[in-house]
Amino acid sequence: MGVVQVTATVRNLADPDRSWDGLFLVDTGSTDSVVPSEALRGIGLLPRGQRTYELADGRKEIVDVTSAELEFMGEIIGTTICFGPDGVEPILGLTALESVGIEVDPVSQRLKRRPAVRMKRRLSEPILA
């Protein structure tokens with residue numbers, strides 16, 4: 001499959017006037033999105049926790065994470081953002097894509113909207129214990 005990229009804006013949830021725009025590599029093999037640490041700190045975001053991620057080569061790495069607003073293709077979501085190394089190419093992960101009902105079309109190698117965001121049950125159905 002070829003390279004799919006999308007322009008996205010990361011915003012500080014506590015101060016939405018502080019934002020950063022970047023060209024993100026779409027990576028459906030990544031759960032969360034990654035942004036260079038320098039960009040996140042530049043808009044006032046600091047680590048709020050850490051998570052262990054498994055890399056493509058099988059190694060595990062502990063990564064600083066935070067919450068931020070992410071806007072792309074006219075959609076806005078609140079999501080987990082990983083602090084990547086300074087200068088790293090930003091990555092848009094699968095969670096952000098699925099949250100707004102966007103997927104990669106493998107034939108055209110472009111992002112496309114699904115007719116609806118997937119949900120396992122109807123909202124009016126009770127949850128059975």
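Side chains included, hydrogens not; waters and symmetry mates left out as well; all remaining heavy atoms used.
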Is there a chain of hydrophobic side chains (I, L, V, M, F, W, Y, each step under 4.5 Å between heavy atoms) that links Val88 to Val10? no

Cluster check Val65, Ile81: I/L/V/M/F/W/Y, side chain < 4.5 angstrom: no

Provide the closest heavy-atom pair for Phe83 versus Leu46 in the form atom of the first, atom of the second, distance. CZ-C, 3.5 Å

State whether Glu71 and Arg11 are salt-bridged, where the test is any N-O pair (Lys NZ or Arg NE/NH1/NH2 against Asp/Glu carboxylate O) under 4.0 Å. yes

Nearest heavy-atom contact between Thr28 and Leu94 is O-CD2, 3.8 Å

At what distance, to the nearest 0.5 angstrom, does OG of Ser99 lie from CD1 of Ile76? 13.5 Å

Spacing of Ile102 atom CD1 and Glu75 atom CD [to the nearest 0.5 Å]: 5.5 Å

Got a sec, which residues hit salt bridge (charged side-chain N to carboxylate O under 4.0 Å, His left out) with Asp27, two or more places apart in sequence or on another chain? none

When you look at CZ of Arg48, are more than 12 heavy atoms from neighbouring residues, nucleotides or ligands closer to it than 6.0 Å? no

Path from Phe24 to Val104 over hydrophobic side-chain contacts below 4.5 Å: yes

Indicate yes or no: at least one non-hydrogen side-chain atom of Pro85 is less than 4.5 angstrom from one of Pro36. no

Could you tell me which non-hydrogen atom of Val34 sits nearest to which non-hydrogen atom of Gly84, and how far apart they are? CG1-CA, 3.7 Å

Do you know the tightest heavy-atom contact between Gln5 and Leu23? OE1-CD2, 3.6 Å

Can you get from Met73 to Ile91 by hopping between Ile, Leu, Val, Met, Phe, Trp and Tyr side chains that sit under 4.5 Å apart? no

Using side-chain heavy atoms (C-beta onward) and a distance below 4.5 Å, is Pro47 in contact with Arg41? yes

Nearest 0.5 angstrom please: Gln50 CD to Glu61 CD, how far? 11.0 Å

Specify the closest pair of heavy atoms between Val6 and Phe72, including all atoms of both residues, with the distance to one decimal. CG2-CB, 4.4 Å

Nearest 0.5 Å please: distance from the OG atom of Ser37 over to the CG atom of Asp86. 5.5 Å

Between the OH atom in Tyr53 and the SG atom in Cys82, the distance rounded to the nearest 0.5 Å is 3.5 Å

Any chance you could measure Glu69, atom CD, to Leu13, atom CG, to the nearest 0.5 Å? 6.0 Å

Measure the shortest side-chain to side-chain distance between Lys60 and Leu55 over non-hydrogen atoms and say whether it is less than 4.5 angstrom. no

What's the verdict on side-chain contact (heavy atoms from CB on, under 4.5 Å) for Arg110 and Val4, showing C-alpha distance, side-chain angles and the deciding distance? CA-CA 6 Å; Arg110 294 177 184 248; Val4 179; 6.0 Å; no

Closest contact, heavy atoms only, Val35 versus Trp20: CG1-CZ3, 3.8 Å

Beyond-backbone contact of Glu38 with Leu40, side-chain heavy atoms, under 4.5 angstrom: no

Ile62, CD1: over 12 other non-hydrogen atoms inside 6.0 angstrom: no

Checking side-chain contact (heavy atoms from CB on, under 4.5 Å) between Leu70 and each of Thr95, Leu92, Thr9, which is the one that passes? Leu92

Salt bridge flag under 4.0 Å for residues Asp32 and Arg51: yes

